Number of protein chains: 2
Amino acid sequence: MGGAGPRRRATLADVAARAGVHPSLVSRVLRNDPSGYASSDTRERIRRAALELGYRANDAARGLRSSRMMALGLLLPGFSSPVYSAIAHGVEERADERGYGLVIGTHAAGDPHEAITDMVMRGRVDALLVASGRIEDQALRRLVRRLPESLVLVNRQVKGVAASVVLRDSDAAALAVRHLAELGHRRIGAVFGPRTLDTMVRRRRGFVHECTRLGLEPVVTEMDGRDHGAGFRGALRLLDAAGPPTAVVAATFPVAVGMLSAFHERGVAVPAGMSVVSLHDDAVADYLVPRLTTVMLPAARLGAEAVDLALSLIDGAAPRRVVVPDPPRLISRNSTTAL
Amino acid sequence: MGGAGPRRRATLADVAARAGVHPSLVSRVLRNDPSGYASSDTRERIRRAALELGYRANDAARGLRSSRMMALGLLLPGFSSPVYSAIAHGVEERADERGYGLVIGTHAAGDPHEAITDMVMRGRVDALLVASGRIEDQALRRLVRRLPESLVLVNRQVKGVAASVVLRDSDAAALAVRHLAELGHRRIGAVFGPRTLDTMVRRRRGFVHECTRLGLEPVVTEMDGRDHGAGFRGALRLLDAAGPPTAVVAATFPVAVGMLSAFHERGVAVPAGMSVVSLHDDAVADYLVPRLTTVMLPAARLGAEAVDLALSLIDGAAPRRVVVPDPPRLISRNSTTAL
DNA sequence: CTGTTAGCGCTTTCAG
DNA sequence: CTGAAAGCGCTAACAG
């Protein structure tokens with residue numbers, strides 16, 4: 001379109017002057033405010049003027065006036081985990097659809113409690129999605145007391161915090177067990193992360209419960225992490241146990257990768273000598289050796305639902321607990337086989 | 001610390017009233033404004049009042065008044081790629097150190113051009129870091145014309161856009177070649193992504209140049225992507241070529257993983273029958289089968305440098321081209337061996 | 001259908 | 001060392 005833009009950014013007053021109307025009318029028309037019924041001629045003039053000047057409303061002014069910044073905060077433990085990437089993606093997409101911006105915070109350094117409180121206390125964001133296990137329950141409860149209408153837990157539940165969105169983690173673990181049982185495995189192992197993470201608690205519960213239900217012997221190992229290293233060491237521990245399992249469930253995708261590595265190092269063939277199922281799917285599953293059987297959970301949708309819940313809170317709805325209904329789905333690849 | 005906080009968020013006026021001074025003085029003292037020299041008694045009263053009320057400055061008001069939102073925008077192609085995760089991490093950390101917030105945008109949907117222009121045009125962020133290859137050079141040039149002091153390219157260079165930060169991609173590729181050559185390989189293959197990505201162009205240049213310099217025969221394959229699938233298909237193509245290589249360089253980490261998978265499927269043992277080096281390292285490298293030799297590039301530092309450059313632009317410095325000086329480092333694992 | 005008025009909460013002159 | 005006044009750009013009543 002036109003040449004070099006003007007020095008100063010165009011304001012509402014500039015648009016109003018150019019269109020020959022009052023600023024407030026411009027505001028109403030440009031926002032499609034119901035009270036902004038202008039003659040279609042005027043509307044047209046305003047629209048054209050705004051376009052010609054490349055007008056963009058100033059978010060700070062708008063936010064100050066309306067006390068709505070049209071932004072959500074997302075607190076992540078980091079960017080590395082594939083699940084959190086998926087969640088972030090889902091959050092971003094839905095927030096965008098709903099016209100909201102996304103402010104990201106991780107908390108590798110500094111006091112996470114302070115940092116996140118600030119985002120909403122300073123009015124930078126209208127609500128906060130907490131998708132991190134690192135903040136203690138205690139801190140979260142204190143937080144929600146101060147910000148009851150603007151805190152949503154993602155992939156986590158904490159007693160005393162009503163607004164949360166989780167997946168069917170327990171069902172996913174049960175499905176993994178069922179798959180293995182159907183293949184004839186009777187002695188099934190599992191590597192879980194620490195009990196301080198409630199996803200781990202729920203997955204573990206589903207695992208143990210389903211084993212019990214089917215009359216199988218669960219061989220559970222709890223590690224202090226849930227990354228590749230934890231999987232590697234957990235697999236070794238399983239192998240060294242009295243009566244090692246013939247099949248294993250990995251609490252997370254990285255854990256599964258670590259286990260694959262450990263089995264290879266110990267000369268245990270997968271799936272011939274050991275079947276492996278991962279909880280949560282990942283794009284790389286198709287390119288591992290062997291291709292990894294997984295239980296897919298809708299992580300991106302988890303993020304989207306969290307956004308919806310947060311926006312409903314902003315609109316005054318009561319906090320509630322959401323379980324994303326999509327059932328876990330088994331994606332059978334080459335890391336599992338009949339006993 | 002005390003009981004339930006007040007209904008309404010405390011404002012500067014509230015603090016001033018409680019401390020018995022004028023709001024403007026509170027503002028100056030709390031910001032350590034040089035013109036805010038107050039008697040240490042007054043300072044103390046103000047500080048205490050602010051603390052007691054749990055005062056937090058309103059970012060919208062502050063931003064409106066000072067036209068500095070203390071926030072940076074980061075435009076990513078998505079959250080999936082490990083390199084972009086690392087960049088995001090570096091950006092977030094440094095921005096935080098410098099007191100800046102981080103607004104994330106991806107652009108799976110919608111017109112990316114519009115979306116990013118808006119972030120800064122609306123004053124939501126003070127500058128934009130573009131770490132995405134998906135926006136066309138043309139669009140970027142147009143953009144920088146309108147926002148000369150607030151656009152920084154990350155991991156990318158575009159003619160006409162002065163502010164950019166990149167890594168020593170070319171040197172990394174050369175280092176990979178050198179490593180392979182030292183192991184006695186003479187016929188070295190490589191799988192690169194599309195030439196539309198300038199990282200690919202630079203890595204390819206380094207690869208070809210170093211091969212030539214050492215008198216080796218480069219066998220280059222260009223794919224339309226740079227993910228696992230591209231690596232898989234690229235490896236197959238290399239294998240089917242007349243006179244296949246004995247060693248390969250992968251343009252990205254995911255490409256290397258895809259190649260590993262393809263070699264396994266074709267019964268080509270790594271490293272016995274084929275050596276593999278990846279450009280860029282990743283935490284999972286130690287858990288692949290075999291453990292993957294990589295050339296590490298400081299992706300997180302790339303993000304940090306981009307933040308520094310952006311803030312310098314905001315402060316009025318001239319745009320400049322930064323090459324993160326850290327030399328690429330070979331991390332020798334088990335996917336490469338002497339011929 | 002359109003204009004007026006007021007003010008969100010803060011920073012920034014300028015006085016004193 | 002501290003106070004007063006003005007206003008950033010916008011939206012939200014209320015008039016007309």
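Every value quoted in this text rests on a predicted model; they were computed, and no experiment measured them. Naming convention: chains lettered A, B, ... in sequence-line order (proteins, then strands); numbering from 1 in each chain. Side chains included, hydrogens not; waters and symmetry mates left out as well; all remaining heavy atoms used.
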Check: residues 298-309 of chain B side-chain donor-acceptor pairs under 3.5 Å, at least two apart:
unit_1: B:R301; atom_1: NE; unit_2: B:E305; atom_2: OE2; d: 3.1
unit_1: B:R301; atom_1: NH1; unit_2: B:D326; atom_2: OD1; d: 2.4
unit_1: B:R301; atom_1: NH1; unit_2: B:D326; atom_2: OD2; d: 3.3
unit_1: B:R301; atom_1: NH2; unit_2: B:E305; atom_2: OE2; d: 2.8
unit_1: B:D308; atom_1: OD1; unit_2: B:R94; atom_2: NE; d: 3.0
unit_1: B:D308; atom_1: OD1; unit_2: B:R98; atom_2: NE; d: 3.3
unit_1: B:D308; atom_1: OD1; unit_2: B:R98; atom_2: NH2; d: 3.3
unit_1: B:D308; atom_1: OD2; unit_2: B:R94; atom_2: NE; d: 3.2
unit_1: B:D308; atom_1: OD2; unit_2: B:R94; atom_2: NH2; d: 2.8

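- Among the atoms of the strands shown, none is found under 4.0 Å from any heavy atom of B:S67.
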Side-chain donor/acceptor pairs under 3.5 Å, residues 65-79 of chain A, sequence neighbours excluded:
unit_1: A:S66; atom_1: OG; unit_2: A:R62; atom_2: O; d: 2.6

Fill in the blank from the handout: Per-nt protein contacts along nucleotides 4-14 of chain C (heavy atom under 4.0 Å; B base, S backbone sugar-phosphate only, - none) come out as BBBBBBBBB--

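- Following rounding to the nearest Å, B:D126 (CG) and D:dC8 (P) show an atom-to-atom distance of 19 Å.
- Remark: A:E136 engages no residue in a side chain to side chain contact (heavy atoms under 4.5 Å, CB included) (not counting sequence neighbours).
- B:R321 is linked by a salt bridge (charged side-chain N to carboxylate O under 4.0 Å, His left out) to nothing, counting only residues two or more places apart in sequence or in another chain.
- Rounding to whole angstrom units, CG of residue A:N32 and P of D:dT11 are separated by 12 Å.
- Residues passing the side chain to side chain donor-acceptor pair (under 3.5 Å) test with A:R141 are A:Q138, sequence neighbours excluded.
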